Amino acid sequence: MTTKHHPHETGARLIRGATGDWEIVLGLEVHAQVSSKAKLFSGASTEFGAEPNAQVSFVDAAFPGMLPVINEYCVEQAVRTGIGLKAAINLRSVFDRKNYFYPDLPSGYQISQYKSPIVGEGAVTIDLPDGSTRTVGIERLHLEQDAGKSIHDMHPRYSYVDLNRSGVALMEIVTRPDMRSSEEAAAFIRKLRAILRYLGTCDGNMEEGSMRADVNVSVRRPGAALGTRCEIKNVNSIRFVQQAIEYEARRQVDLIEDGGKVEQETRLFDTKTGTTRTMRSKEEAHDYRYFPDPDLLPLELDAAYVEAIRESLPELPDEKKERFVAEYGLSAYDAGVLAAERETAAFFESVASGRDAKLAANWVTGDFFAALNKAGLDITASPVSAGQLGALIDLISDGTISGRIAKEVFEILFTSGGDPRAIVEERGLRQVTDTGAIEAAVEAIISANPDKVAEYREKPKLMGWFVGQVMKETGGKANPQAVNEILKRKLDG
Ligand code: ADP
Ligand code: MG
């Protein structure tokens with residue numbers, strides 16, 4: 001594995017402009033919904049898909065006199081996430097009111113954390129397509145409430161408000177402006193999502209809105225000071241994040257090269273046109289009149305509480321990847337792919353247990369993943385269990401079937417289930433290792449093709465053709481090694 005910590009100095013992906021090259025600078029603010037049954041300051045349910053306004057407590061609707069009560073479970077999830085992001089946990093944090101008016105915010109303020117967030121600086125290692133890795137700095141993680149939802153497309157003249165989301169706990173995870181391409185931003189979101197899922201603190205489901213990103217984009221001449229950024233709000237898929245970055249960076253380059261100036265502003269990404277457009281000029285922190293929420297005490301954690309959470313953390317994707325390389329001798333690439341999801345890693349380890357791990361990794365990342373993809377299935381819904389795949393691999397290892405026949409058996413397993421050994425017996429797929437039978441097939445092919453035999457003397461590459469013929473003759477069941485040996489002996493001898 002090649003680990004490049006500063007690929008930017010050695011050649012980031014640049015944008016070619018009319019007046020020279022430009023570098024993209026990116027920072028993300030990811031909102032991750034805490035996997036909690038209840039909201040951050042009320043006992044109302046957070047379940048997705050309920051009837052509008054069916055999950056709203058008096059606190060969430062901001063009825064006068066209602067008081068918020070912190071949900072300890074959400075605090076624990078924020079601490080877990082902070083530790084998973086290799087970040088400093090602040091034993092004292094403060095909830096502030098962020099004041100603004102919006103119809104889906106009945107209190108007129110959002111409870112958030114401003115100057116004293118629960119989690120400080122951390123780092124996430126991202127895996128790039130070329131196999132290299134790099135580190136993205138985490139600036140902070142703070143806890144805050146989500147707002148409700150305004151619905152503008154149900155009535156020609158009225159807008160509706162759904163407060164089910166009002167008060168749901170969010171972790172806002174803010175990165176340093178450390179990313180330099182849309183691919184790096186995508187890799188960051190993928191890795192962050194994997195970590196959150198391993199920790200169980202957020203389901204990472206972007207379609208349901210449990211994870212969404214504000215994307216900060218600026219451009220500069222390579223090595224120059226940071227340029228003015230635009231923030232693209234609420235982008236809800238990795239593909240859209242990449243599209244938004246590509247469009248926005250190009251827009252800024254064209255604007256500057258035409259003699260214009262990038263205005264710091266908040267923009268929207270239009271998923272239909274793949275473009276961004278102005279939403280509002282960028283608000284500053286002072287516009288929100290932040291002040292500590294008088295209804296809530298500062299949040300104080302003791303060190304032992306944090307340590308107990310640290311102790312309970314599962315093995316995370318990077319550590320698992322490293323272990324897969326060390327313990328099973330996998331390539332960094334395969335190890336990364338297998339460690340990306342907890343379920344995939346567990347499946348692989350179950351298949352590999354007591355078997356040739358590389359063969360297991362090849363089968364899981366090869367035919368198995370391909371079949372799942374083709375069927376549009378998640379690994380948790382796989383029709384082939386780890387036990388069945390393991391049993392199939394055993395048949396290859398003990399010489400009962402060839403790798404080629406195994407692919408056939410796998411297809412049968414995937415579509416109709418069953419026991420691999422029974423399938424092989426029933427369908428007579430057992431590998432022919434009986435050298436007499438193979439020898440007979442070889443002789444038949446040789447005597448039927450004297451021209452090819454003559455050609456072979458000039459072109460030894462023709463061996464492949466002979467192997468193919470013998471395999472055909474034996475219905476693909478001949479042991480390939482035996483075929484090769486016998487052919488060589490007969491043709492060369
Ligand atoms: P705000 O909360 O007002 O959006 P922050 O200072 O917290 O402002 O920064 C928000 C995000 O913007 C962070 O992810 C940060 O990395 C990113 N960022 C800051 N400066 C730039 C820049 N010049 N180009 C791109 N991203 C930037
Ligand atoms: Mg922001």
Side-chain angles (χ1 to χ4, degrees), residues 8 12-15 22-32 82 85 87 90 93 96-100 109-124 126 134-145 147 170-189 191-192 211-235 241-242 244-253 255-256 261-269 276 278-290:
H8 301 146
R13 198 170 62 79
L14 300 173
I15 296 189
W22 296 86
E23 185 178 54
I24 310 179
V25 175
L26 304 165
L28 299 179
E29 296 161 89
V30 176
H31 287 92
L85 299 178
N90 296 324
S93 63
D96 298 285
R97 289 187 181 180
K98 182 181 185 180
N99 300 281
Y100 64 97
Y109 59 84
Q110 175 192 28
I111 304 178
S112 181
Q113 295 187 309
Y114 176 51
K115 288 216 170 108
S116 309
I118 187 165
V119 175
E121 290 184 22
V124 168
I126 59 172
R134 66 183 304 266
T135 303
V136 173
I138 298 293
E139 198 170 293
R140 60 189 275 155
L141 174 158
H142 64 254
L143 272 170
E144 65 182 26
Q145 307 174 293
L170 299 178
M171 297 180 281
E172 177 168 336
I173 300 159
V174 183
T175 77
R176 296 228 169 267
D178 284 351
M179 288 158 276
R180 296 290 179 270
S181 67
S182 62
E183 291 81 13
E184 290 188 2
F188 174 80
I189 296 176
K191 179 51 82 61
L192 177 64
M211 208 172 116
R212 40 195 203 266
D214 297 345
V215 188
N216 294 273
V217 183
S218 67
V219 297
R220 66 174 178 186
R221 294 295 187 189
L226 290 181
T228 304
R229 72 189 152 109
C230 288
E231 177 177 357
I232 309 159
K233 276 281 172 198
N234 267 329
V235 190
V241 165
Q242 290 195 258
I245 292 168
E246 296 296 336
Y247 176 84
E248 179 60 19
R250 174 52 68 181
R251 183 189 75 84
Q252 291 181 12
V253 165
L255 182 64
I256 300 169
K261 206 168 132 258
V262 175
E263 298 292 341
Q264 184 165 335
E265 63 182 0
T266 302
R267 298 178 69 86
L268 275 181
F269 177 66
T276 65
T278 302
M279 182 179 167
R280 56 177 187 250
S281 68
K282 173 71 184 169
E283 66 291 338
E284 300 288 342
H286 63 250
D287 294 327
Y288 289 115
R289 297 295 187 272
Y290 278 101

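Every value quoted in this text rests on a predicted model; they were computed, and no experiment measured them. For the single chain, residues carry numbers from 1 onward in sequence order. Atoms within a ligand are numbered from 1 in the order they appear, just like the ligands themselves.
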A.B. asks: Does any donor atom in the side chain of R229 or N216 lie under 3.5 Å from an acceptor atom in the other side chain?
C.D. replies: yes
A.B. asks: Does any N or O atom in G227 lie less than 3.5 angstrom from one in ligand 1, N or O only?
C.D. replies: yes
A.B. asks: Donor-acceptor pair, distance only, cut-off 3.5 Å: does the side chain of R176 make one with the backbone of E121?
C.D. replies: no
A.B. asks: Between D214 and ligand 1, which residue portion shows a heavy-atom distance shorter than 4.0 Å: side chain, backbone, both, or neither?
C.D. replies: neither
A.B. asks: Assign the ring pair Y288 / Y100 to parallel, tilted or perpendicular, where the plane angle (0 to 90°) is split at 30° and 60°.
C.D. replies: perpendicular
A.B. asks: Checking Q145 side chain against I111 main chain: does a donor-acceptor pair fall under 3.5 Å?
C.D. replies: yes
A.B. asks: Relative to the heavy atoms of T175, which atoms of ligand 1 are at a distance of less than 4.0 Å?
C.D. replies: 13 (C), 14 (O), 15 (C), 16 (O)
A.B. asks: What atoms in ligand 1 come closer than 4.0 Å to a heavy atom of L226?
C.D. replies: 23 (N)
A.B. asks: Does P177 reach ligand 1 with a nitrogen or oxygen that is under 3.5 Å from one of the ligand's nitrogen or oxygen atoms?
C.D. replies: yes
A.B. asks: Using only heavy-atom distances, determine whether the side chains of E183 and S181 contain a donor-acceptor pair under 3.5 Å.
C.D. replies: yes
A.B. asks: Under 4.0 Å from any heavy atom of L28, which atoms of ligand 1 are there?
C.D. replies: 14 (O)
A.B. asks: List every atom of ligand 1 that sits less than 4.0 Å from any heavy atom of V25, numbering the atoms from 1 in the order shown and giving each element.
C.D. replies: 24 (N), 25 (C)
A.B. asks: Using a 3.5 Å distance criterion without hydrogens, assess whether the side chain of Q252 forms a donor-acceptor pair with backbone atoms of V217.
C.D. replies: yes
A.B. asks: Going by the closest heavy atom to atom 6 (O) of ligand 1, which one wins out of E231, R229, E29?
C.D. replies: R229
A.B. asks: Please list, in number order, the atoms of ligand 1 under 4.0 Å from a heavy atom of V174.
C.D. replies: 13 (C), 14 (O)
A.B. asks: Would you say the side-chain atoms of Q113 pair up with the backbone N or O of I118, donor to acceptor, closer than 3.5 Å?
C.D. replies: yes
A.B. asks: Out of G137, S218, G27, who is nearest to atom 24 (N) of ligand 1 when you count heavy atoms only?
C.D. replies: S218
A.B. asks: When you measure from the side chain of D214 to the backbone N and O of K233, does any donor-acceptor pair fall under 3.5 Å?
C.D. replies: no
A.B. asks: Counting from 1, what ligand 1 atoms have a heavy atom of R176 closer than 4.0 Å?
C.D. replies: 16 (O)
